[in-house]
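Keep in mind that this is a model prediction, so the values were computed, not measured. Whatever order the structure lists them in is the order used to number ligands and atoms, beginning at 1. Counting from 1, the numbers follow the sequence of the chain as shown.
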Amino acid sequence: MDVYALIGNPVEHSLSPPMHEAAYDALDIDARYVTFEPPEDGGAAAIESAATLGVAGLNVTIPFKQQVIEAVDPAPLAARIGAVNTVDFSTSPPTGYNTDATGVVRSFAHHGVSLSGTAVVVGAGGAGRATAFALADEGLTVHVVNRTESKARDLATAVADTGGDAEGHGLDALPDLLPGADLLVNATSVGMEEDASPVPADALHADLAVLDAVYSPIETRLLQDAAAVGATTIDGAWMLLFQGVEAFERWTGEDAPVDEMNDALRKRL
Ligand code: NAP
């Protein structure tokens, strides 16, 4: 039996175990997915321990995504983002991927959204970094907008320094940027367990495809405002699903049973 795992602190409410175990059941794979909660400075040590124990694949969540970089060989996109959420132990040293980034791209693609034109990414933390690099790599022009404007500018510079087309702004730029945007991603925590949106409703329009990384609640204020003007809406559970789908496919080499994983996830949201 193969053992896959997630490290995070805290991890007790993670939805990854049921999502991955649904995939093992669907494809008759003899495997289990368990969670571990190392101490907050224990990310790199946990990678070494998992390798020693023969763990087949590891997901990594807050607060370890940046720490574990030193214990893996990061794939180019993960190295540029500066964070790893998926570790493959079939190589030595283990390879680190950032499937949050691919999760964003696959969420848009799954909904038939063309990955071209201009994207506005609100947020410059972990989710914002993954999103900005991922969409710039797809060839989009990326505007990073953040409450702390200097972080948006720093992220845009990092994206531009590695060949992307990106600019950073403060939140007050949203009304000017959104009329020309094709894609909008909320990568802030605004809207999580609250009826609030980081984007003024009257700046939204029908030609936007809007992804909210927040998945609790599923129908955030931003997605409700976006649906009201006829925009395409994609909830945060899709991003969560596709980061898991990408991890499963990297570990097993098989196409993931996306519908079964999605059902298992949504049943618990
Ligand atoms: P993070 O690194 O802590 O970044 C938080 C971001 O939110 C920063 O840009 C911060 O701006 C902004 N922010 C916080 N409070 C704000 C406020 N009141 N007004 C405006 N901006 C505010 O967090 P993260 O890891 O990127 O996660 C961000 C969200 O994405 C969380 O809700 C998380 O659950 C979600 N997420 C979802 C997935 C998924 O698979 N669906 C994956 C990863 C993350 P400042 O820089 O100004 O502080």
Side-chain angles (χ1 to χ4, degrees), residues 6 8-11 13-16 18-20 40 43 59-68 78 81-86 97-108 110-111 120-135 142-156 158-159 168-174 184-200 210-223 233-248 258 261-262 264-266 268-269:
L6 166 70
N9 190 344
V11 276
H13 298 300
S14 171
L15 300 168
S16 290
M19 177 170 66
H20 282 275
E40 288 194 359
N59 280 138
V60 179
T61 189
I62 292 169
F64 301 119
K65 289 183 188 184
Q66 289 83 18
Q67 276 177 42
V68 300
I81 294 168
V84 157
N85 78 324
T86 298
Y97 297 99
N98 191 308
T99 71
D100 287 333
T102 24
V104 169
V105 170
R106 289 182 74 163
S107 295
F108 281 116
H110 181 81
H111 286 81
V120 173
V121 177
V122 190
R129 283 188 74 82
T131 302
F133 278 102
L135 294 180
V142 176
H143 292 283
V144 181
V145 176
N146 197 47
R147 177 178 62 178
T148 309
E149 187 173 344
S150 59
K151 279 176 64 182
R153 291 188 183 280
D154 289 350
L155 173 53
V159 171
H169 314 262
L171 285 175
D172 58 355
L174 280 169
L184 168 66
V185 178
N186 173 33
T188 74
S189 48
V190 179
M192 192 163 66
E193 312 296 357
E194 60 177 355
D195 186 20
S197 167
V199 180
V210 182
L211 166 64
D212 200 333
V214 173
Y215 54 81
S216 180
I218 276 287
E219 293 294 330
T220 58
R221 166 55 47 201
L222 169 61
L223 292 185
T233 58
I234 305 170
D235 66 54
W238 290 106
M239 180 176 166
L240 186 61
L241 170 70
F242 281 110
Q243 65 74 29
V245 162
E246 179 83 11
F248 175 91
V258 174
M261 292 172 78
N262 191 29
L265 184 58
R266 283 178 191 272
R268 286 161 179 89
L269 280 168

So do [Y] and [X] actually touch side chain to side chain, heavy atoms under 4.5 Å?
X: L241; Y: H110; value: no
X: R147; Y: T188; value: no
X: W238; Y: H111; value: yes
X: F242; Y: T102; value: no
X: V122; Y: L171; value: yes
X: R221; Y: V190; value: no
X: V199; Y: N186; value: no
X: V144; Y: V159; value: no

Taking heavy atoms and a distance under 4.0 Å, where does [X] meet ligand 1: side chain, backbone, both or neither?
X: L240; value: both
X: A124; value: backbone
X: A187; value: backbone
X: M192; value: side chain
X: M239; value: both
X: T188; value: both

**Item:** Donor on one side chain, acceptor on other, T220 and D212, under 3.5 Å
**Value:** yes

May I ask you to check if ligand 1 and [X] share an N or O to N or O distance below 3.5 Å?
X: Q243; result: no
X: L171; result: no
X: N146; result: yes
X: G236; result: yes

Which residue supplies the protein heavy atom nearest to [atom], what is that atom called, and how far is it?
atom: atom 14 (C) of ligand 1; answer: S189 OG, 3.4 Å
atom: atom 27 (O) of ligand 1; answer: A127 CB, 4.1 Å
atom: atom 47 (O) of ligand 1; answer: T148 OG1, 2.6 Å
atom: atom 25 (O) of ligand 1; answer: I62 CD1, 3.9 Å
atom: atom 16 (C) of ligand 1; answer: R147 NH1, 3.4 Å

**Request:** Please lay out, stage by stage, how F248 and T99 fare under the test side chain to side chain contact (heavy atoms under 4.5 Å, CB included).
**Result:** CA-CA 10 Å; F248 175 91; T99 71; over 6 Å; no

**Passing option when F133 is tested against V121, L155, V104, V142 for side-chain contact (heavy atoms from CB on, under 4.5 Å)** = L155

**Message:** Which heavy atom of E149 sits nearest to which heavy atom of H169, and what is that distance?
**Reply:** CG-C, 3.5 Å

**Residue of the set D100, N59, N98 for which side-chain hydrogen bond (donor to acceptor under 3.5 Å, both in side chains) holds with T86** = N59

In ligand 1, which numbered atoms sit nearer than 4.0 Å to a non-hydrogen atom of [X]?
X: V190; value: 16 (C), 17 (C), 18 (N), 19 (N), 20 (C), 21 (N), 22 (C)
X: G123; value: 9 (O)
X: Y215; value: 41 (N)
X: V214; value: 32 (O)

**Asked** For G43, does its backbone N or O pair with a side-chain atom of Q67 as donor and acceptor, under 3.5 Å?
**Response** yes

**From the candidates G244, A152, G191, A213, the one that places a heavy atom nearest atom 41 (N) of ligand 1** = A213

Using a distance threshold of 4.0 Å (strictly less than), state whether [atom] has a protein heavy-atom neighbour.
atom: atom 33 (C) of ligand 1; value: no
atom: atom 23 (O) of ligand 1; value: no
atom: atom 3 (O) of ligand 1; value: no

**Asked** Applying a strict 4.0 Å limit to heavy atoms, is P198 in contact with ligand 1?
**Response** no

